[in-house]
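Quick notes on the structure that follows.
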Amino acid sequence: MNEIAIKRDGQIIDLQTAKELGFEGEQIHLDNSEDSLEVLRHSTAHLMAQAIKSLYPDTEFYVGPVVKEGFYYDFKTSAEIGEGDLKKIEKQMLSFAKKKYPIEKYTITMDEAKEKFKDDHLKLEVMKRIPDENVSIYKQGDFEDLCRGPHLPNIGLIRYFKLTKIAGAYLGGDSKNEMLTRIYGIAFADKESLKAHMEMLAEAAKRDHRKLGNEMKLFTFREEVGAGFPIWLPAGGRLRARLESLLFKAHRKRGYEPVRGPEMLRSDLWMTSGHYQNYGENMYFTKIDELEFGVKPMNCVGHIKVYEDELHSYRDLPIKYFEYGVVHRHEMTGALHGLFRVREFTQDDAHIFCTAGQIEEQIIEVVDFVDKIMSTFEFDYKMMISTRPDKAVGSDEVWEVSTQALKNAMDKNSLAYEIDEGGGAFYGPKIDIKITDAIGREWQCGTIQLDFNLPERFKLEYNGEENDKIQPVMIHRAILGSFERFIGILTEHYAGEFPMFIAPTQVAIVPVASSHKEYAKVLSDKLIDINADSEIYAKNDSLNKRIRTAEKTRVPMIVVIGDEEIQNKTVAVRDRRTREQYNLSEDDFLKLIQTKINEVNF
RNA sequence: GCCGACAUAGCUCAGUUGGCUAGAGCAGCUGAUUUGUAAUCAGCAGGCCCGGGGUUCAAAUCCUCGUGUCGGCACCA
């Protein structure tokens, strides 16, 4: 095994640096451990830079870090580089790697470095951000790069890598700056791991909800309709309706009342709420007889108007309103992505109006609700508390108090969370729920937001025990986040093979011959009675063909019926995954379906 | 919004350096076949080649402006 670096006090130190400083420590070998890949991928980024520099000599380089999905390097060159050039760069990298240049390190002063890279305005930009007096230079062959390391001892160790994508990226991640070219890549210690990684990417592509949504006829988009406006097709409509009705029951059980606010409200209301000032650029406005209206980007103002419809006593709190609220937001064109980012979507939105003393229990109740739903779908998840953003309403004290209240609720119940500084909504801090899907990807869906600001801005109140007027606290929350995004995630999570309780169609009925169609219809009606959707495959095709067609729709259960079944009042069940078949009496079959549908309750 | 790529039948894709009537598979329709667990056979029909403008004797192909999509960046359920 090749030693490539050492670990000392939790820091990875490359051999060049260890030798220079006389350090010793635990050896890191070239394998697929986190530490080893960190070094390997960093050096692969440098090798890529070396190859790019040799192919495009006027290239200037910014930074080339290791990231979760591999590594990248940002650079700028006069040549136009496209996807087709990645192969060429890979080839050049391999030819350099074959030369087995050692990677050498030396240290120079910042002034010397500035002189050395005086023609590279991007490297100068990098140096502006380094406070140190001395900087290190890594050299391989005749390529030199300013870098803090750590690196492999020799580029010959780099063999199993792949450049995956090319894209634009703003210098320093700031959209006010110029745009650079970024190439992403991945590297592993052995061939098999690289292959496995590429297969994982292919698997993810197979699960893409845009592809499956099209194949399974769940939803579509049309150029003439407009970007970001999804069209729900019948199969998607059925899936969505199942989700909606399960969730409706779950809300009622927990004391939520269904309400509905208007799709657009007068602009002066949005000024009162602060949306006009803080969220206006994401809103759509229109005029009705000279009065300006804003199409709602959120449902809170509507629910506030519901709250204001009557006087409330402390005895009534908490009051919980929920709505499958359709919202419109002006997302930037480049942000649109299938069902994950759209311009019109439906939130499973609710607002809880409660006393300050009820905050904690209400938050815990919502967290439990979230847990119930996420575990039903077999999602792991984690929670993240987001604090005050730059653009915000309300005083620092209010923000401090509400942020602390969220933390307290979590801490007291020993719930783990991470902090996202500045990630809150403009009216309050929030707990975001990040779920991890079947192949390990993270998604942001649900959110719990604590709000002292809107109750203040709308002068909301309830009568306290002393008949005094007290301002309630508002909790905004969504569990799925939006039906659009959540269904997109579910589609990828299950690779289109939805479990019975949520599938667009529960059963495919395949009559052997046309004489069995009548019984198929009888069975289908019985299924509707137990709230199961079925589809009869009675087209003029061979039995094999119809079974194949049914299989391809990913329906969870296929039943075949012929003379035998009709005579015995049974069905021949076919499990689409295992291709196994077994017979059930009609009654048992219906009970089975009913159980599978009803076993899920949020 | 920014950088780059792309847009041909309902879907997946061919279409040569600009040149004859733009092709295939699947899906659809018609007919034959009536099938016992992953593609029966034959025939038919499907296209303003994303939209506008231009170059050219000639444009699906080249240029240009839109629209939409994809990969990222930035922004967010």
Side-chain angles (χ1 to χ4, degrees), chain A residues 69 72 74 76 80-85 164-184 205 208 210-211 214-215 217 220-229 279 281-282 297-298 325 327 329-342 345-349 386 389 423 425 430 432-433 443-447 449 476-486 488-489 510-517 537-552 558-565 572-576 579-581:
Chain A
E69 357 19 87
Y72 67 78
D74 284 352
K76 196 175 175 99
E80 293 235 329
I81 304 185
E83 220 146 297
D85 298 307
T164 50
K165 43 200 165 196
I166 179 163
Y170 293 109
L171 189 157
D174 189 333
S175 57
K176 288 193 267 306
N177 291 338
E178 64 181 307
M179 185 149 268
L180 311 176
T181 303
R182 172 176 297 182
I183 295 181
Y184 283 92
D208 192 310
R210 292 166 299 186
K211 184 172 168 284
N214 182 32
E215 271 175 35
K217 299 260 173 225
T220 188
F221 290 91
R222 309 218 116 213
E223 181 177 347
E224 67 271 26
V225 169
F229 293 103
Y279 205 75
E281 53 194 25
N282 290 307
M298 300 181 194
V327 295
R329 296 183 186 176
H330 180 241
E331 301 292 346
M332 281 186 285
T333 50
L336 301 175
H337 181 104
L339 285 183
F340 290 166
R341 272 301 265 294
V342 288
F345 57 99
T346 308
Q347 297 180 303
D348 59 324
D349 205 4
S386 303
K430 59 179 182 172
D432 280 332
I433 289 74
W443 307 96
Q444 216 252 274
C445 290
T447 178
Q449 309 176 352
H476 309 243
R477 49 109 287 194
I479 294 175
L480 308 184
S482 76
F483 285 93
E484 285 74 8
R485 180 177 288 183
F486 196 75
I489 294 168
V510 185
V512 172
S514 56
S515 58
H516 311 124
K517 271 197 220 171
Y537 286 78
K539 240 187 63 181
N540 187 13
D541 274 327
S542 68
L543 179 68
N544 284 350
K545 177 69 178 290
R546 284 177 289 139
I547 285 171
R548 178 184 150 85
T549 308
E551 292 279 11
K552 284 179 71 179
I558 297 176
V559 300
V560 177
I561 50 173
D563 288 336
E564 227 175 279
E565 285 75 21
V573 176
R574 180 190 161 96
D575 186 305
R576 71 164 297 274
R579 295 193 193 175
E580 275 168 8
Q581 301 158 41

Original post:
How does each nucleotide of nucleotides 67-77 of chain B score, in 5' to 3' order, for protein heavy atoms under 4.0 Å: base (B), sugar-phosphate only (S), or none (-)?
Top reply: BSSSBBBBBBB
**OP:** Going 5' to 3' through nucleotides 31-37 of chain B, assign each nucleotide B (protein heavy atom under 4.0 Å from a base atom), S (under 4.0 Å only from sugar-phosphate atoms) or - (no protein heavy atom that close).
**Re:** -BBBBBB
Original post:
Does the side chain to side chain contact (heavy atoms under 4.5 Å, CB included) test come out yes or no for A:K539 and A:K545, once each step is laid out?
Top reply: CA-CA 10 Å; A:K539 240 187 63 181; A:K545 177 69 178 290; 5.8 Å; no
**OP:** Just do the side chain to side chain contact (heavy atoms under 4.5 Å, CB included) check on A:R210 and A:F221 with the steps written out, would you?
**Re:** CA-CA 10 Å; A:R210 292 166 299 186; A:F221 290 91; 5.9 Å; no
**OP:** Using the side chain to side chain contact (heavy atoms under 4.5 Å, CB included) rule, take A:L339 and A:F486 through it: C-alpha gap first, then chi angles, then the decisive distance, then the call.
**Re:** CA-CA 8 Å; A:L339 285 183; A:F486 196 75; over 6 Å; no
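Nucleotides B:U61 and B:C50 place their C1' atoms 15 Å apart, quoted to the nearest Å. B:U30 and B:C70 are spaced 36 Å apart, taking the P atom of each and rounding to whole Å. Taking the C1' atoms as reference points, B:A39 lies 27 Å from B:G47, given to the whole Å. Across B:C20 and B:A27, the matching C1' atoms stand 31 Å from one another, rounded to whole Å. If you take atom P in B:G52 and the same atom in B:A60, they sit 13 Å apart, rounded to whole Å. Distance noted for atom C1' between B:A59 and B:G68: 22 Å (whole Å).
Contact record, A:I558 with A:A550: CD1-CB, 3.8 Å, taken as the closest heavy-atom pair. Nearest approach of A:V510 to A:I547, heavy atoms of both residues: CG1-CG1, 4.2 Å.
Rounded to a whole Å, the NZ atom of A:K217 is 12 Å from the C1' atom of B:C26. At whole-Å resolution of the value, CG in A:D85 and P in B:A5 are 10 Å apart.
Within the 4.5 Å cutoff, side-chain heavy atoms of A:H516 are placed close to those of A:D563. With a 4.5 Å cut-off on side-chain heavy atoms, A:K430 and A:H476 do not count as touching.
A salt bridge is defined here as a Lys NZ or Arg NE, NH1 or NH2 lying under 4.0 Å from an Asp or Glu carboxylate O, and A:R222 with A:E224 meets this definition.
Not a single donor-acceptor pair under 3.5 Å links the side chain of A:D74 to the backbone N or O of A:L180. With hydrogens and angles ignored, the 3.5 Å screen pairs a side-chain donor or acceptor of A:R546 with a backbone N or O of A:V512.
Annotation: A:E281, atom CD; neighbour count of heavy atoms from other residues, nucleotides and ligands within 6.0 Å does not exceed 12.
Base orientation of B:G46: syn (glycosidic angle within 90° of 0).
Paired regions of RNA chain B, where each region holds three or more successive Watson-Crick or G-U pairs whose two hydrogen-bonding distances fall under 3.5 Å, are B:1-7 with B:67-73, B:10-13 with B:23-26, B:28-32 with B:40-44, B:50-54 with B:62-66.
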